[in-house]
Amino acid sequence: MPTSRQQSGWSSHLSNMPLSGQSPWLSRPTGAFAKVEDNGFMPTEISVGETDDPYFIAMLNAMVKGLARRNRSDELWVIKIDNWFDHKWLRFSGKGIVDFNWGGVTNRFDAALDEFYQDKVTFPPFNPNRIEGQWSFLRAGDHYVESPLPEMPHRSEKQPSESNLLRRIQDFSRSACFVWYSGNTVANGRGSVMVYELSTDRVDCWYASFSRRQEWKLQATKGARREDVERLLHLSK
């Protein structure tokens, strides 16, 4: 069973740490995490992989630190997706079989695949080969500590799409913040971040996209007001 840490993408500064040549389901990265002194609720900073734009990663670090300060959730998860993903992944649960009958035709039934967006939020069903890393941290007083947990949000083996319809986030934890971000930002000139904030009785989900022209800027949001996301970016300062 893999641990809660997969292919390392973290360091105490924005270094150029190649990710190639390492297993995406590595159980124990070596020398990948460093404690950052006086860094508030941010345990470490996300390092720059070979396909990552360092300015996007700097912005992501600010956002994660802002979330940690604001929420103080028991668990903090950061998950890297190999490439850009759009807002349709927000609250998306997967595809399942839907039965329907033909109007006016007695005893005529059929079935088809359909996309599900459920009231009970589940983990987004990214293909395992798109997951480049999953990192977990537990809150310890006024800071977070890297801690391998027995179960990860995304499994290492591909599952039937309909099975994800039952993987509810609120069954996974009582207090957690999950952050997904996109890789390959150097080539794409755009990046995406998706956040699920879980408390005892609710899950707040939102998505933000960023684009690079002369500099990185917030392009669009879904599930959160633009000014709230921009305020979050400054909360870490």
Return yes if a side-chain donor-acceptor contact under 3.5 Å exists between [X] and [Y], otherwise no.
X: S93; Y: R91; result: no
X: D53; Y: W216; result: yes
X: N188; Y: N83; result: yes
X: H87; Y: W206; result: no

Donor-acceptor under 3.5 Å (S182 side chain, W84 main chain):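 Checking the backbone N and O of W84 against the side chain of S182, no donor-acceptor pair under 3.5 Å is found.
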Any heavy-atom pair between the side chains of [Y] and [X] that's under 4.5 Å?
X: S175; Y: S73; answer: yes
X: C177; Y: E75; answer: no
X: S192; Y: R190; answer: no
X: V193; Y: V179; answer: yes
X: Y181; Y: F85; answer: no
X: W77; Y: P153; answer: yes
X: V186; Y: D52; answer: no
X: L76; Y: R139; answer: no

Report the distance from atom [atom1] of [X] to atom [atom2] of [Y], rounding to the nearest 0.5 Å.
X: K88; Y: K222; atom1: NZ; atom2: NZ; answer: 9.0 Å
X: E227; Y: L232; atom1: CD; atom2: CG; answer: 12.5 Å
X: E215; Y: M59; atom1: CD; atom2: CE; answer: 10.0 Å
X: I131; Y: S156; atom1: CD1; atom2: OG; answer: 11.0 Å
X: H154; Y: F123; atom1: NE2; atom2: CZ; answer: 7.0 Å
X: N127; Y: I81; atom1: CG; atom2: CD1; answer: 10.0 Å

Carboxylate-amine/guanidinium contact [X] [Y], below 4.0 Å:
X: D171; Y: K120; value: no
X: E230; Y: R226; value: yes
X: E197; Y: R70; value: yes
X: D74; Y: R174; value: no

What are the two closest non-hydrogen atoms of [X] and [Y], and how far apart are they?
X: P124; Y: W180; answer: CD-CZ2, 3.4 Å
X: I46; Y: N61; answer: N-OD1, 2.7 Å
X: S209; Y: L218; answer: O-CD1, 3.5 Å
X: S136; Y: S147; answer: OG-O, 2.5 Å

Kindly indicate, with the supporting measurements, whether the criterion side chain to side chain contact (heavy atoms under 4.5 Å, CB included) is fulfilled by L138 and V145. CA-CA 5 Å; L138 295 179; V145 177; 5.6 Å; no
Could you check L67, I169, V203 and say which one makes a side chain to side chain contact (heavy atoms under 4.5 Å, CB included) with F178?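 Exactly one pass, corresponding to I169.
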CA sep, side-chain torsions, deciding dist, call: M194, L90, side chain to side chain contact (heavy atoms under 4.5 Å, CB included): CA-CA 7 Å; M194 187 166 67; L90 185 67; 3.9 Å; yes
So that I know where these two stand, are F126 and W89 an aromatic pair - ring centroids less than 6.0 Å apart?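 Distance test on ring centres: under 6.0 Å, yes.
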Above 12 or not: heavy atoms from other molecules or residues under 6.0 Å from OH of Y55?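 Open.
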Among the clusters formed by ILVMFWY side chains lying less than 4.5 Å apart, do V121 and F172 turn up in the same one?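 They do share one cluster, since a chain of ILVMFWY contacts under 4.5 Å joins V121 to F172.
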